[in-house]
Amino acid sequence: MRTTGSVEEVRELVAETRREGRRVGCVPTMGALHRGHTSLIRTAVADCGFVVVTLYVNAPQFNDSDDFLRYPRQLEDDLANCRDLAVDLVFAPDDRTVYPPEGQTTVDVGRLGTLFEGQHRPGHFLGVATVVVKMLNITSPDAAYFGQKDYQQQLIIRHLCRDLHLPIEVITCPTVRDDDGLALSSRNVLLDSRQRATATSLSRVLRQTHDRWKNSTVTLATLRRDMSNQFGSIPEIDLDYATIVDGETLEETAEPGESLVALVAASVGSIRLIDNLRLDVDTESTLEN
Ligand code: AMP
């Protein structure tokens with residue numbers, strides 16, 4: 001496995017791989033790798049002849065400076081993890097490489113970036129889209145792997161690749177959860193044991209909502225109201241949103257379209273968590289395979 005912070009070195013290695021006819025996969029991450037990330041990496045390794053993992057904690061996508069400062073960083077463990085997973089190349093650039101001081105260009109993703117996470121974290125998707133375009137342009141993969149855990153993010157990246165004519169297949173991998181249902185997140189290590197127990201309510205309410213939708217004639221409006229009420233009754237939860245949207249447009253439709261997804265974002269103490277569950281599929285694979 002090679003590790004580099006150099007754009008030129010990444011380009012050379014990827015070009016060499018291309019000449020050999022190998023499919024190139026990229027897994028963009030902010031490091032502090034857990035089983036959610038490693039499931040993306042395993043999928044990429046199974047799918048591609050050459051896999052690049054990018055490790056970069058991207059300051060512009062944090063709208064809260066405390067969140068950025070306490071975000072876990074563990075480069076040595078991440079590199080060991082990548083080596084174990086047979087990753088070919090790790091790109092771990094410094095800030096000046098990603099954001100040269102003279103740089104001015106950012107990527108505005110339009111309306112989808114203003115909803116939900118975009119509304120509660122102003123500037124978040126501008127930061128995400130800008131760094132993802134940079135990472136994809138540097139690594140020029142055939143396929144890029146993202147987690148369903150960040151539902152709105154993967155949707156925006158699909159649109160971004162289409163809108164900007166990036167010839168990249170965007171692959172969304174299922175959310176990996178702990179045994180108690182909590183979606184894995186790098187921020188989970190910041191929860192104390194009480195908060196950790198409270199945090200499981202996110203996946204529990206999503207699962208109940210899924211099951212009621214599948215097994216009864218309840219309306220979407222009722223389900224939305226009940227989700228909010230359930231979270232409202234847990235004093236330790238500070239809810240940003242809990243709703244059901246069309247999986248393509250993120251509109252709160254009255255009539256179910258092709259795809260439906262339940263979304264939730266809430267803080268437990270000062271730790272903000274998000275989760276989602278598709279209602280249009282019977283079961284989601286939630287375990288690492
Ligand atoms: P991050 O390091 O948080 O930027 O995440 C990097 C990638 O891993 C993103 O595509 C995330 O959606 C994905 N990811 C994070 N947590 C999970 C999880 N629990 N299950 C699946 N994918 C995840």
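When a ligand or atom number is given, it counts from 1 through the structure's own listing order. Here the structure is a predicted model, which means the values were calculated and not measured. Values reported hereafter were calculated over all heavy atoms of this structure, with side chains retained and with hydrogens, waters and symmetry mates removed.
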Rounded at 0.5 Å granularity, tell me how far [atom1] in [X] sits from [atom2] in [Y].
| X | Y | atom1 | atom2 | answer |
| --- | --- | --- | --- | --- |
| Asp282 | Asp211 | CG | CG | 10.0 Å |
| Leu112 | Leu160 | CG | CG | 11.0 Å |
| Ser270 | Leu191 | OG | CG | 9.0 Å |

Would you say the side chains of Gln148 and Thr172 form a donor-acceptor pair under 3.5 Å? no
Going by distance alone, is a donor N or O of one side chain under 3.5 Å from an acceptor N or O of the other, for Tyr56 and Asp94? no
Mind checking what makes salt bridge (Lys or Arg N to Asp or Glu O under 4.0 Å) contact with Arg204, not counting sequence neighbours? none
Collect the protein residues that have a non-hydrogen atom under 4.0 Å from ligand 1 and hand them over in chain and number order. Pro28, Thr29, Met30, His34, Gly36, His37, Leu40, Tyr71, Phe146, Gly147, Lys149, Asp150, Gln153, Pro174, Thr175, Val176, Leu184
